[in-house]
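In what follows, a single structure is set out as structure tokens and then discussed.
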There are 2 protein chains.
Amino acid sequence: MHLRLKKNETAVRMKLTPEVQEAAEGEKRGRKASKETRRQQLIEATIDSLAKRGYSETTLADVADGASLSRGIVNFHFESKEKLLIATLQYMADEYAANWGAALEKAGDKAAAQLWALVACDFDRKICTKRKLAAWCAFWGEAKSRPTYQALCGARDVKYQEIFLALCHTLKDEGGYAYEPEGMTLALCASMEGLWLRLMMGDGLTREKAHAAAVEYLLVAFPRHFTREGPK
Amino acid sequence: MHLRLKKNETAVRMKLTPEVQEAAEGEKRGRKASKETRRQQLIEATIDSLAKRGYSETTLADVADGASLSRGIVNFHFESKEKLLIATLQYMADEYAANWGAALEKAGDKAAAQLWALVACDFDRKICTKRKLAAWCAFWGEAKSRPTYQALCGARDVKYQEIFLALCHTLKDEGGYAYEPEGMTLALCASMEGLWLRLMMGDGLTREKAHAAAVEYLLVAFPRHFTREGPK
DNA sequence: CCATTTTGAATGAGCGTTCAGCAAATATGT
DNA sequence: ACATATTTGCTGAACGCTCATTCAAAATGG
């Protein structure tokens with residue numbers, strides 16, 4: 001027989017990850033959680049599942065368990081598994097964009113400081129978590145055969161890369177460098193994505209070391225603008 | 001009713017990709033294909049399926065169809081789906097290693113020429129195909145949650161990166177550069193993997209442009225050793 | 001003929017989706 | 001205030017489909 005729970009005991013049924021718990025505590029608990037709160041809770045549980053089991057083994061049952069909710073819940077709040085996954089990717093893309101947008105604001109108006117800030121915030125502890133990198137990577141793996149994912153992953157850096165390109169142009173003028181800006185931008189952005197990939201793979205690579213490698217790149221590309229400690 | 005075919009008509013049943021066809025023609029055709037030939041044919045069909053449908057939608061039925069063989073065939077030549085996929089990854093890893101190994105041989109004993117050759121062969125038309133990049137990426141996406149894949153993907157660059165690191169050290173001594181070799185190597189390798197990722201995503205990026213971006217990196221990192229046309 | 005390779009129907013497990021029903025929250029009537 | 005009706009959020013059993021795996025039978029080569 002199913003053991004019926006008194007109210008506000010949902011969080012005790014199974015250990016939730018901190019992220020899911022936090023999402024669930026957005027407003028009131030249990031039954032009164034608003035629609036939006038519940039959606040976010042399920043999205044966080046989806047990220048957990050993607051990170052733990054990979055894309056192909058992520059099941060709705062696992063997501064529901066991760067959120068300590070019942071089997072049918074996802075089809076109630078999202079329409080289908082497909083839509084849950086798209087919402088999850090959208091959520092991560094938004095968070096990513098908001099993060100570098102804010103970093104750019106705070107960086108002031110010097111091009112060198114802006115570039116430094118953009119590179120740094122890719123390795124920020126809020127964004128650059130094992131679980132989130134793993135989730136990104138899971139989507140990348142499926143992106144090629146799914147236009148929707150591809151669009152969302154790609155949209156991630158349409159604006160992003162434009163800004164990078166503009167900064168590379170500015171710094172080239174300021175410093176009299178010889179590189180070709182398009183290629184430089186591409187190689188730099190690719191390097192950071194590659195570092196994410198390696199971070200995700202494990203290998204004992206840490207966020208700090210990855211960031212240091214990216215900085216090393218900045219140093220050789222823009223020697224007149226940066227030292228290892230930051231923009232001159 | 002199933003229309004039974006006369007012998008040697010297998011290739012007509014369904015259009016095979018050039019790669020699968022070539023694998024099937026390794027020795028004699030049809031029934032007489034040796035065990036090893038048939039395995040290779042199935043592996044090529046697996047790569048096709050991974051590229052076309054992604055990891056999570058790759059089915060044994062699709063692989064069998066792609067090879068124009070019957071449903072049960074994979075479980076006869078490989079023991080299970082899992083083992084087919086591992087064999088496929090192994091196959092690609094071996095091919096990749098053989099490719100850069102050969103390139104290194106031909107490059108002579110100058111460090112600059114060797115580094116140039118290593119970077120170039122990552123963008124070789126034999127290795128850097130849409131379908132193979134897509135297959136690599138499919139495995140990357142699942143690697144984090146599957147130790148076996150992770151080991152095979154990682155083994156790809158244990159030796160590879162050691163060589164890179166040694167070359168970076170040598171060039172630093174020769175050219176009197178100021179960079180820190182570990183970080184430099186990491187950023188360079190990551191950049192090439194990131195470029196692969198972007199090639200796979202589409203975006204109108206071509207092999208040539210990606211290679212040019214990698215070269216741009218070499219130029220800023222080792223200005224005394226390279227021009228855009230090659231090592232000095 | 002015997003051994004090997006291949007076939008394709010059958011099997012069964014796993015999973016997404018559906019939906020009738022329950023319980024909490026809220027609205028309505030008295 | 002209280003009782004009753006309605007809405008909303010959630011549950012979990014049931015359904016049907018897809019797919020890996022199995023295997024008996026057929027085809028082929030030697």
Side-chain angles (χ1 to χ4, degrees), chain A residues 1-11 13-14 24 26-42 45-46 49 53-87, chain B residues 1-11 13-14 24 26-42 45-46 49-50 53-88:
Chain A
M1 191 51 202
H2 177 71
L3 204 147
R4 187 140 294 291
L5 295 160
K6 298 291 167 58
K7 59 178 160 182
N8 280 350
E9 284 193 312
T10 56
R13 244 195 276 177
M14 171 179 279
E27 303 185 20
K28 300 147 200 164
R29 276 173 170 268
R31 204 77 177 197
K32 283 196 74 176
S34 80
K35 224 147 177 138
E36 207 42 52
T37 304
R38 196 73 348 144
R39 278 173 64 95
Q40 197 169 321
Q41 181 185 2
L42 287 167
T46 305
S49 187
R53 328 210 320 170
Y55 186 98
S56 72
E57 305 238 88
T58 286
T59 65
L60 291 186
D62 194 51
V63 171
D65 286 354
S68 284
L69 294 168
S70 69
R71 294 288 137 105
I73 196 70
V74 166
N75 292 101
F76 180 76
H77 285 282
F78 300 82
E79 202 170 313
S80 65
K81 185 187 185 185
E82 174 77 4
K83 291 195 175 153
L84 167 68
L85 289 167
I86 289 170
Chain B
M1 189 55 199
H2 177 70
L3 203 146
R4 184 139 295 291
L5 294 160
K6 296 293 166 55
K7 62 177 158 181
N8 280 350
E9 285 193 311
T10 56
R13 242 195 275 176
M14 171 178 280
E27 303 184 20
K28 299 146 203 165
R29 277 174 169 270
R31 202 77 176 197
K32 282 196 73 177
S34 79
K35 224 151 177 138
E36 207 41 53
T37 304
R38 190 101 314 162
R39 278 173 64 94
Q40 197 169 322
Q41 181 186 0
L42 288 167
T46 305
S49 186
L50 286 170
R53 329 208 323 167
Y55 186 97
S56 72
E57 306 238 89
T58 287
T59 66
L60 290 186
D62 193 52
V63 171
D65 286 354
S68 282
L69 293 169
S70 69
R71 294 289 138 101
I73 198 71
V74 165
N75 289 287
F76 179 76
H77 286 283
F78 299 82
E79 202 169 313
S80 64
K81 184 186 187 185
E82 174 77 4
K83 291 195 175 152
L84 167 68
L85 289 167
I86 289 170
T88 302

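Quick note on labels: first sequence line is chain A, next is B, and so on, each numbered from 1. Being a predicted model, the structure only gives us computed values, none of them experimental.
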Could you state the CD-P distance from Glu36(B) to dT5(C), rounded to the nearest angstrom?
12 Å
Short side-chain to backbone donor-acceptor contact, Lys81(B) and Thr58(B), under 3.5 Å
yes
Picking from dT5(C), dT17(C), dT11(D), which would you name as closest to the side chain of Phe76(B)?
dT5(C)
Check every atom of dT21(D), dC10(D), dC15(C) against the side chain of His77(A) and return the nucleotide holding the closest atom.
dC10(D)
Interatomic distance where CG belongs to Asp65(B) and C1' belongs to dT7(C) [whole Å]:
13 Å
Nearest-neighbour nucleotide for the Thr59(A) side chain, dG9(D), dT17(C), dC15(C) considered:
dC15(C)
Report yes or no: do Thr46(B) and Ser49(B) form a side-chain donor-acceptor pair below 3.5 Å?
no
If you compare every side-chain N and O of Arg71(A) against the phosphate oxygens of dA14(D) (OP1, OP2), does one of them come in below 4.0 Å?
no
Roughly how many Å is it from NZ in Lys83(A) to P in dT17(C), rounded to a whole number?
10 Å
Grab the CG-C1' distance between Leu60(B) and dT22(D) for me, whole Å please.
13 Å
Selected nucleotide, minimal atom distance to Lys81(A) side chain, candidates dT6(C), dG16(C), dA20(D):
dG16(C)
For Arg39(B) and dT5(C), what is the distance between atoms CZ and P respectively, to the nearest whole Å?
13 Å
Go through Leu69(B) and Leu42(B) one step at a time and tell me if the side-chain contact (heavy atoms from CB on, under 4.5 Å) criterion holds.
CA-CA 9 Å; Leu69(B) 293 169; Leu42(B) 288 167; 4.3 Å; yes
Atom CG of Leu42(B) and atom P of dT7(C): how far apart are they, to the nearest Å?
10 Å
Within this structure, what is the CG-to-P distance between Leu69(B) and dT5(C), rounded to whole angstrom?
14 Å
Counting side-chain heavy atoms from CB outward, which of dT6(C), dG9(D), dC10(D) is closest to Arg38(B)?
dT6(C)
Set out, in order, the CA-CA distance, both residues' side-chain angles and the distance that settles side-chain contact (heavy atoms from CB on, under 4.5 Å) for Leu85(B) and Phe78(B), then state yes or no.
CA-CA 10 Å; Leu85(B) 289 167; Phe78(B) 299 82; over 6 Å; no
Of the nucleotides dT6(C), dT11(D), dC15(C), which one has an atom closest to the side chain of Ile73(A)?
dT11(D)
Mark yes when over 12 heavy atoms from residues, nucleotides or ligands other than Arg53(A) sit less than 6.0 Å from its CZ; otherwise mark no.
yes
Starting at CZ of Arg53(A) and ending at C1' of dG14(C), how long is that distance when rounded to a whole Å?
11 Å
